[in-house]
Amino acid sequence: MSALLAVRDLSVTLRSGGEARMLAQDVSFDVARGQILSIVGESGSGKSMTAKALMGLLPPNATVSGEAWFRGANLLAKGSAPCRGTGIGLIFQEPMTALTPVLTIGTQLTEAMVVLGLADPAEARRRAIAMLDRVGIPAPDRRMRQYPHELSGGMRQRVMIAMMMLLEPEILIADEPTTALDVTVQAQILDLLRDIVRDTRIGLILITHDMGVVAETAQDVLVMKAGRTIEAGPVARIFTAPSAPYTRALLDAVPRLDRPGSSAGMVAGAAAGKTLLSAGHVSKTFHARAGLFASGLATRALDDVSLDIRQGETLALVGESGSGKSTLGRVITRLTDADHGAVTLGEENLLTLRGKSLRAARRKIQMIFQDPYASLDPRQRIGTSIAEPIAIHTTLSRAERQDRVGGLLARVGLTPEMAARYPHEFSGGQRQRIAIARALAAGPVLIVADEPTSALDVSIQAQILDLLADLKREEGLTMLFISHDLAVVRQIADRVAVMRQGRILELGPTEAVWTAARHPYTRALIDAAPVPDPTRPRGVRRPVSGDFAIGALREAALGHWVAT
Amino acid sequence: MTSLTDIPNGSAPPGFWRRMVRSSNGVVGLIIVLGLIFCAAFADLLAPYNPARMGTGGRFLPPGGKFLLGTDEFGRDMLSRILYGSRLTLLIGAVAVGISLTAGMLVGMVAAFRRGWVETLLMRSTDVLFSFTETLIALSFVAVLGPSLQNAVIAVGVAAVPFYARTCYSAALVETSKPYFEASIAAGAAPGRLVFLHLLPNVLPTMIVVATLGVSTAILAAAGLSFLGLGAQPPTSEWGYMLAGSRDYINRAPWLMTIPGLAIAITVLGFNLLGDGLRTSLDPVERR
Amino acid sequence: MTEMRTKSWRTAAAIGLAAGLAVPAQAADIVWARYGDIDTLDPHRATSTLSLQVWSLIYDTLLAVDADGNPVPHVAKSWTSNEAGTEYTFSLQEGVMCHDGTPLDASDVKYTIDQAFSETTPSVTKGSWGPITGAEVVDPLTIKLTLDTPFVAMIPFLADSFSSIICDSNADAEGFGTTTAIGSGPWKLISWTKGDRIVLEKNADYTNFGKLADNPGAPYEDGLIIAVVPEPQARYAALTTGEVHIAEPPFDDVPAIKDSGDLNIIVAENTGQNVFWEFAAHRPPFNDKRARLAVAHATDAATAINLIYGDLSIPEMCPVSRGVFGNDQDFCAQYRPEYDPDKSRALLAELGYSDDNPLETALLVWTGGNRQKLGEVFQAQLAEVGIKASIEIMDIGSLNARVRQENENTEGTTGSMDMMTWSWYDPDILYALWHTPGAYRGYTSPELDAILDETRVLTDPDARKAKVQEAFRYLLENAIHVPLYTPGWEWVFAVRPEVEGFKVAPFVYPIFSDVKIGG
Amino acid sequence: MWRFLSTRIAMGALTILATTVLVTLLIHAVPGDPVQIMYAQSQGTTPEQIEEVRRSLGLDRSIPVQYAMFMERLLQGDLGTTIRGGQPVLDVILQRLPNTLVLACSAMFIAIVIGIPIGFLAAYREGSLVDTGLMILAIAGISMPHFWLGLMLLFFFALELGWLPVSGNGPLNLILPALTLGLSNAAIFARLTRSSMIDVMHQDFVQTAYAKGLPKSLVLRRHVLRAGFLPVVTMMGLQFAFMMGGAIVVENIFSWNGVGRMAVEAIFQRDYPVIQGFILTFSVVVVVVAIGIDALYAVLDPRIRRA
């Protein structure tokens, strides 16, 4: 296999404010025709910088060294013209921002072809329509006249791919092309990329942090950490016999959708627990407000949702974006007011509480948020933040509060001395630990965790999930765990509720749902989720169609409910 | 399991002062503003003559010699007048911004915190007032109350309230939707605690930047009113008023026009630079 | 100012003008720039000097004034009155034509007077017309006015532009006062762009009977443009570039202008204007004569006006200005409180004021004409004796209203005084000001009322003069009306050298009939 | 787009309505008796006549009735008559409004023509000496009081050099006031354009355009400029209002016969009907221009045009 692109000792240095940082160091790899090379690593590993260096798109304060041979020329040599477009194409992570908002899809698809002399306008247009069709966009004629904001995220990513493929590059670099997409859409885009490589024999460099995506798509893998290559090799070897400890740790940290989680053993016991909190017929509609008047645009975030949470269990809410799972969590914590329904905790309907009694009731339910950076008041010492619930609900003295905070910090794996520091002095994982400590401080009976790990790198995610599992085991914590990541859910949850468009479609014990999903949407979700196992057959998915049963839940098996 | 990348980012992000010092704009601005405060505080000691005393020197003495900045049409020492004028200028800036800031933050924070119809009412009225533009509000105010420095300062202060209210509102809206704020609500924090311990400290930096830049706007606006004869009245050594009075002597004594104008420009520049510097330092993301 | 600079200005101006711009100054148009605009072209609707000056160009009056300010025949070639002084009969000149071609006759005069006494919209100067009860057209060239009581000040009034004869054809005209103004004066109205300019054209049929112009007929030049240029320096620049022929220059540049000789300076004489201190006399501190005297003794008008206006204004001793009947500087000087700060301090001490407890007062000043600067000097002079005056600057209309308010307010201890300006052609102004109830509801007394009543009815000039001076003495001794100066300012005219024949009649009426613009 | 625009128009109507209320209340906030002030100079007026005027203005009625009367007259195009000279306020304003609009528009033109290219250049050379230099210039421009700039320009170009005429309302007379007003706003535009363009240049879609192999000039022209221009457009409405406000001062310096000069004169003369008319006119102009700019924005931005 002769290499299309040969990269040798590529290094990128970024200079800012008198300091120089090596973002990539001595990276070498080859890409051949028809090959999918995956560069995998956590944030800050230098994988994106490597791609940008090859494209000649580094920021002005970055310098690059090394060689990258493509079409007989060194791309990194000073003064060499980058082979953007016709040589190497690039696809970005965020399809929302990667297309120019003020130009039509048609213009953006055809302009480069015309400017680079590949086709005249009419021909370019013809080809563009054909390509849109090829990447699976219905009614391509009409799409040509539309603007990016009129398309969904998945559509836009298809347009991006079409745009790059129209220039007939020999190499395509896809930088986290599916990270911003829902799992079902991700699966489609990955399928599309694989098909394109197969049909056109281009080389694809797929940059990702997701070992599942790697296993599903790549032939060869390059593992990077802090700018350095940790190891490289064929995908099968990397997954079965990783040589570097880091790679192994990375693989270990990945939650496995295809294996039962550590908490599976507790299912039976928890299922027997009595109901702690019960949500009944909760509905919530959001009205988009445009200026002076409420506009007619309304989103049904929750549509007659009922749900019980039992003492000591972890109940997971799973769904794609817009499914209403977060809204339900916020309704239960009273951060959002529901339109209808009741949430009863003990004898109390939480939704009718006001003022003082509401504030008093709040200590029983605490929340952990997705974004660890925004979760803590940047202008308070973390000790103060953690102590806040204690200060509000108890009459403990300052010293006693400090003791409690110290204990909580120790409990979440930090040291009591850290209480005097400010949030910006901590890493993302540490902040999430602090947020958990704060949630525990009030002594809640229920913790609502809204995507608590999705902003974290996989290795840190594993630590946080372990911490949550520990807390559950040792403190008997009850948790409502909201996530889009099926693998995480399988690892941590006792029961799962699958949501879509404001309704629960399936609800049951985790293992039952996984091994015998009864709702087609649940099955589609499970199918679409990438599995970090390269031996698993690729690309056998059932398409997710729009028409599902969304009626009332019916008990299909013991404790396993499905929409009718 | 080994800790992979979960290490605290070795160095904390550069502190506020370090960033402030790095922004050369901010430093220059700070020096100008401190210089101005110094002049205002020690005008009694610095000024060589009584600023209001006529016939201190001859009329229309050009700058230099005994009278560093020359004398005006009444033989008053310009340097002394400018020095005492800095007091007024600072006072004008402080009072006007004080009015705008207090009222604006009150409206903005209440609107962002209370939501619902209170929010709608407050912000819609703010929008209406905002489209009136500050000039018109200030002018109407003076038209009704009659020309005086006091009225001009109130007018300028009131005129800017919609702007401050909007800025504070959007800043507060961002903060109230952040998880830490919601976590505090979820912890059962009462409104007082939410507003004073969380909202205020987090909105304040933004508002300090706005207020610093606002001082320059206020000084300009008040000077403009004085220039039109709708602000300061004699014998105050308000710079805008001095500038207006100098028009008659353009030919005979151009420095009478140049000096107060420069004084205003430098002061405003100082506050603008300081505000820019503060913004850069307080908000490392927006380094523009 | 160097000669070089002046030259370069001119050259540049020539370029500017050649480019064809703002002022459509053809060779035969006189351009006169003033600081402000007229209020209206209807002589019954305003009182500002800016308006009066323009009316005097468009309209005629029954009488005119000579160089000394005495009434002389004009459109009325002669007049008689009955013994009691309650009936006046005027016979009019023949052949006077209104601008619309209709002859000016007795019915036009009657129309004017009827308008002044209109039930619904009386003239804003109705009071000054006196106790006229009827105007009767005897024949087309004879008009008879009937008075309720004798009123000697009516004759000088009829020489002033307040009594401009409005042709009765205006009654049918659209937009009288704004777009139309049919008079019989030397200039016809072409257009008025508010805030910008008034364009006049010469009245080719004009005959001058009594106005102070050498030219017996129509003006020499074809047109007259009266432009508004508020900034003194801009006016000056326009003068030097030739954009403008005649304008009021910046006062402080007058000596330089005189020295350079590039422009001629004409200072209006006998302006009739009188600037004086007036006090809110119904409440402390100025209800006490000593407080008023303290102010009078503290103010050195001669020094102050010299500082601000140089030799363009002169100190005034009498309550009416030079050139007005009864004015006698020597007589008044005996009674006007002289500048004496020590006396002032003594009076203040007597009243219990000190440095810790200063007399505080508002000092109201009419905006414009550098008066605020003069106020600033007076403020400094008052500060010398320990009087704390805070200046408030306002428009004349507001000043009038405010002074009346201050006089009606009997509460409070903060004083109020004002630098008032009145312009009149006759001592009858004192009646308007100080006879009960008084124009501003200010100081009045039965004693003073009696004196003023008599000044209105004494037809013998010597007897009237004695009475008028008695009033002067009363006003001065009680420091009710403390004269400061007679302004020539406002009405300093800088005239380009090629302009010949420009003169200013008493009471600042400029005469353009004699003007010729040379090459 | 229609939803967007109708909201803006409703907002504008509300603003104007609020102005009418404010303007009616204005005369009541005046210390002292406005009618006394109006007729202070008339010696002949009797108390009965003063009462008559008070009645005709409705000042003896309750405020809501006065407002109704005011609105009734307003809808017939009657803004009352001036105190000085007794002329219809509407005529006085309409005669001068075009001058102010011409001045504001010319200044806007200058601000755009100077400010936007400078801002674009600075953004293009972000971080370079050129950028720093231009931005220092811009901040200095913003800090310069425009009445001072106006005086300096008047001094040099009209008085010292005699290049430009100083009175009247001709096209050459327009140069200095428009320049005065335009330059300080050009600085604002420059800063705004720069930050907007830099924002856009750091966006993914610009990287996408480069990744397609488009030449830099085309990326800047088609992608950066078009997207970066939108925030600048939204600011134009506000800037125009600033121009109208700034015109008040500038007109007074350069004897430009616009509504600004009229307003200041009216304030000095306490000519309340004129002040009322001015405030109303000003807000109508500002609102109309703002709606116009919003419409332009809606047309330019497909996200709104297609919404």
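Both the backbone and the side chain of A/Ser375 have a heavy atom closer than 4.5 Å to some heavy atom of chain B. Using a 4.5 Å cut-off between heavy atoms, A/Ile365 contacts chain B through its backbone alone, with no side-chain atom that close. Of the atoms belonging to A/Ala374, heavy atoms from both backbone and side chain fall under 4.5 Å from chain B. Proximity to chain B is absent for every atom of A/Gln370, based on heavy atoms less than 4.5 angstrom apart.
Between chain B and the options A/Arg379, A/Lys356, A/Arg330, heavy-atom pairs under 4.5 Å are most frequent for A/Arg379.
Proximity of a side-chain donor or acceptor of A/Arg363 to a complementary backbone N or O of B/Gly188 within less than 3.5 Å is not detected. A/Gln366 places a side-chain N or O within donor-acceptor distance of the main-chain N or O of B/Ala186, the cut-off being under 3.5 Å.
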| Derivation and outcome, side-chain contact (heavy atoms from CB on, under 4.5 Å), residues B/His198 and A/Glu388 | CA-CA 11 Å; B/His198 294 292; A/Glu388 184 167 47; 2.6 Å; yes

| said: Could you walk me through whether B/Leu197 and A/Gln380 satisfy the side-chain contact (heavy atoms from CB on, under 4.5 Å) test, starting with their C-alpha distance in whole Å, then the side-chain angles of each, then the deciding distance to 0.1 Å, before giving a yes or no? | reply: CA-CA 9 Å; B/Leu197 289 184; A/Gln380 274 191 349; 4.2 Å; yes

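Across A/Ala391 and B/Arg193, no two heavy atoms sit closer than the pair CB-NH2, 3.8 Å. Minimum heavy-atom separation, B/Pro191 to A/Arg359: CD-NH1, 3.6 Å. Looking at every heavy atom in both residues, A/Pro378 comes nearest to B/Asn202 through CG-OD1, 3.3 Å.
The CG atom of A/Leu335 sits 5.0 Å away from atom CD of B/Glu182, with the distance rounded to the nearest 0.5 Å. If you take OH on B/Tyr180 and CZ on A/Arg438, they are separated by 11.0 Å, rounding to the nearest 0.5 Å.
The environment of CZ in A/Arg228 is sparse: at most 12 heavy-atom neighbours from other residues, nucleotides or ligands sit within 6.0 Å.
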